[in-house]
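Before any comments, here is the structure.
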There are 2 protein chains.
Amino acid sequence: MDSENGGAFPASIEAVWGLRGRPPKGPRPGLTLEGIVAAAVRTADAEGLDAVSMSRVAKELGVSTMALYRYVATKDELVVLMADAAVGPPPPLPEGADWRKGLEHWASAMRTALLAHPWAAPLMVTTGPPATPNQLAWLDLALQALAGTGLPARAKLATELLVGGHVLSEVSVVLGMAAEQGPGPRWADYEPFLRRVTGDGRLPALRAAIEAGAFGDDEPGGAEEVHGTFAYGLARILDGVEAHLRTLRS
Amino acid sequence: MDSENGGAFPASIEAVWGLRGRPPKGPRPGLTLEGIVAAAVRTADAEGLDAVSMSRVAKELGVSTMALYRYVATKDELVVLMADAAVGPPPPLPEGADWRKGLEHWASAMRTALLAHPWAAPLMVTTGPPATPNQLAWLDLALQALAGTGLPARAKLATELLVGGHVLSEVSVVLGMAAEQGPGPRWADYEPFLRRVTGDGRLPALRAAIEAGAFGDDEPGGAEEVHGTFAYGLARILDGVEAHLRTLRS
DNA sequence: ACGCTACTGCGTATGCCGTAAACGGTACTG
DNA sequence: CAGTACCGTTTACGGCATACGCAGTAGCGT
């Protein structure tokens, strides 16, 4: 009665946590959960998430499709584990950094991780509350960064959500620009399209932004300009948190 | 040469914008793009996004599956239009409000819209740059709210992204808690699970947050506490923007 | 030493999905 | 009134996730 109290959880999640020992009976497993997830991640990296099917992953491993179901109850479970593997373990906080430097570091590390696996970003929204080791390690690290602030626990959590949400949405925009497939516009056609659509005087503020060149990629800085959006948002958030901390201390 | 310059776009997107007239030849269409999208939205509301298949939507409308393909080139296109319909047109800004009140209003209206169609939130990340009428109307409205601030156009855009991203990620968390399906934990099992997983001393900051009760739903306020996370984040963001505006003006 | 048993990986089968292709009816243009 | 572009339908295909049942295997208690 002490190891099945979280029993409402998928077995594969318990397995990544190492809470599941190898059963005493039966043949030695020929596969590993980590190996399966790694193969799936490799496929997604190379050909996108749509290319990841159970049969495809099985083929990659040289086993039959159904063999995978001895390790994973459902494809959805595999996807959750892929999302965990994609972000990987978080890098340690820079030594002696204050909370702000810590969160800045945390945010750009997460951004880098998500950009390295473009298929993973959408999964962060879909997979529900974080329950896998790496996901929770990232969360823990952000909370560590905020440890010395005296912020109430709930506010620490809310702050992590805030920063994490910003990372995710900025990454999504960057990936949306780069996407070659999917419906919607190619990025190169986007500004002309917006001009056409705002030509009739509705959406005047959007029109003004276009005229001001807000949708051009060039502008002093090139690719740096994109990074500018990320840095801008992060700075606003952390400024807001910093101000909040000041009022708390007084 | 004046109506096909945005020609790289899906025809169905041009159609929602009203840029496509009925062709002069052939029988009268028996369906409407809006009708199709509405049927799909109804199905998704009632039974979730997974229940929305082409054949299902067709059945709902009493036509054959393939009839839909006269209006939509691909299921993905239909999904994009569903996402647009789900958010709907934005409500007007409160009269005489400053930028901050405007954005607050904008953000909670968007939150309400997304919560009303739980299946829609994940789509916002997936569907690429906004290209549909309602999506762009929301964007325009946020830019309108920021019109008087003197912020550079790019910063206005970045601010909209920032606030929108916060709304989306907070909504995702709320929906993740309420979700009955999908992999990952049920919410009721979540705190015990976290306790079990943090029992070994790794993830100390997370453990501390749990002990501090950050994962209990109760706490003075009940459902308001959830709203608290949203309001907290929004306030930090807007505080940060406000401070930034002050430094710009000096 | 041995058989019981729980577990492995596999082959087969089902039902659904998105969508390509070809076809006959339809309504407007010249 | 003929031509033609478009409508909705039928049929068909390949791929998908996954339920089920099987034969082989390895450690256990005896």
Side-chain angles (χ1 to χ4, degrees), chain A residues 4 10-12 14-15 20-37 39-40 43-44 47-82 119 123 126 181-183, chain B residues 4 10-12 14-15 20-37 39-40 43-44 47-82 119 123 126 181-183:
Chain A
E4 59 257 7
S12 60
E14 308 222 326
R20 278 277 212 273
R22 180 160 97 78
K25 301 289 186 70
R28 244 167 248 112
L31 301 175
T32 337
L33 192 51
E34 296 85 28
I36 293 172
V37 174
T43 306
E47 303 175 41
L49 192 57
D50 289 347
V52 178
S53 68
M54 296 304 270
S55 54
R56 175 59 190 279
V57 174
K59 185 171 300 177
E60 218 73 31
L61 293 166
V63 297
S64 83
T65 303
M66 293 310 290
L68 304 183
Y69 284 94
R70 297 283 175 199
Y71 299 82
V72 152
T74 249
K75 190 194 175 179
D76 285 351
E77 284 189 22
L78 175 57
V79 171
V80 169
L81 299 178
M82 289 175 67
W119 47 269
L123 300 182
T126 316
Q181 58 178 3
Chain B
E4 59 256 5
S12 60
E14 307 222 327
R20 279 276 213 272
R22 180 160 97 80
K25 299 291 184 73
R28 243 167 248 112
L31 302 176
T32 339
L33 192 51
E34 296 85 26
I36 294 172
V37 173
T43 306
E47 302 176 42
L49 193 56
D50 289 347
V52 177
S53 68
M54 295 304 271
S55 54
R56 176 59 192 278
V57 174
K59 186 171 300 177
E60 219 73 32
L61 294 167
V63 298
S64 81
T65 303
M66 295 308 291
L68 304 182
Y69 284 94
R70 297 281 175 199
Y71 300 82
V72 153
T74 249
K75 190 193 175 181
D76 285 351
E77 283 189 21
L78 175 57
V79 171
V80 168
L81 299 179
M82 289 175 67
W119 47 268
L123 300 182
T126 316
Q181 58 176 5

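Nothing here was measured: the structure is a model prediction, and the numbers come from that model.
- Nucleotide C:dC4 holds its C1' atom 7 Å from the NZ atom of A:K25, rounded to whole Å.
- Within the nucleic acid shown, A:M54 comes within 4.0 Å of sugar-phosphate atoms alone, with no base atom in reach, counting heavy atoms only.
- For A:Y71 and C:dC10, the OH to P distance is 9 Å, given to the nearest whole Å.
- Each of B:G26 and B:D76 lies near DNA chain C, and the nucleotide nearest B:D76 is the one positioned closer to the 5' end.
- Atom P of nucleotide C:dT8 and atom CE of A:M66 are separated by 13 Å, given to the nearest angstrom.
- If you check every strand for non-hydrogen atoms under 4.0 Å, B:S53 touches sugar and phosphate atoms only.
- Results of the side chain to side chain contact (heavy atoms under 4.5 Å, CB included) test with B:T43 over B:K59, B:E60, B:M82 single out B:E60 as the only residue that passes.
- Nearest to the side-chain atoms of A:K75 among the listed nucleotides D:dT9, D:dA17, C:dG11 stands D:dA17.
- One interatomic measurement links the two molecules: CG of B:L49 to C1' of C:dC17, which rounds to 14 Å at whole-angstrom precision.
- In this structure, the separation between NZ on A:K75 and CE on A:M54 is 8.0 Å, given to the nearest 0.5 Å.
- OP1 or OP2 of C:dC16 has not a single side-chain nitrogen or oxygen of B:R56 nearer than 4.0 Å.
- Per the geometry, OH belonging to A:Y69 stands 15 Å off P belonging to C:dC10, to the nearest Å.
- Contact check, A:R22 against D:dG27: a side-chain N or O comes under 4.0 Å of OP1 or OP2.
- For A:T74 (side chain) and A:E77 (main-chain N/O), no donor-acceptor pair under 3.5 Å exists by modelled atom type.
- The heavy-atom pair separating A:S12 from A:V72 by the smallest distance is CB-CG2, 4.4 Å.
- Protein atom NZ of B:K59 is 15 Å distant from nucleotide atom C1' of C:dG18, rounded to whole Å.
- Here the nucleotide nearest the side chain of B:P23, chosen from C:dG9, D:dT18, D:dC6, is D:dC6.
- For B:P27, counting side-chain heavy atoms from C-beta on, the closest listed nucleotide (D:dC7, D:dA19, D:dG3) is D:dC7.
- Distances were taken from every side-chain heavy atom of B:A67 (C-beta onward) to each of C:dG18, C:dC10, D:dT9; the shortest belongs to D:dT9.
- For the side chain to side chain contact (heavy atoms under 4.5 Å, CB included) with A:Y71, the lone residue among A:L81, A:L33, A:L78, A:T32 that qualifies is A:L33.
- Residue contacts shown for B:T65 include a base, since a base heavy atom lies under 4.0 Å away.
- Taking atom CG of A:L78 as the reference point, atom C1' of D:dC16 lies 14 Å away to the nearest angstrom.
- Here the side chain of B:S64 is nearest to one of D:dC6, C:dT29, D:dT9, namely D:dT9.
- For the pair B:L61 CG and D:dC7 C1', the interatomic distance rounds to 15 Å; values are reported in whole Å.
- Both A:D50 and A:R70 lie close to DNA chain D; mapped to their nearest nucleotides by heavy-atom distance, the more 5′-ward contact belongs to A:D50.
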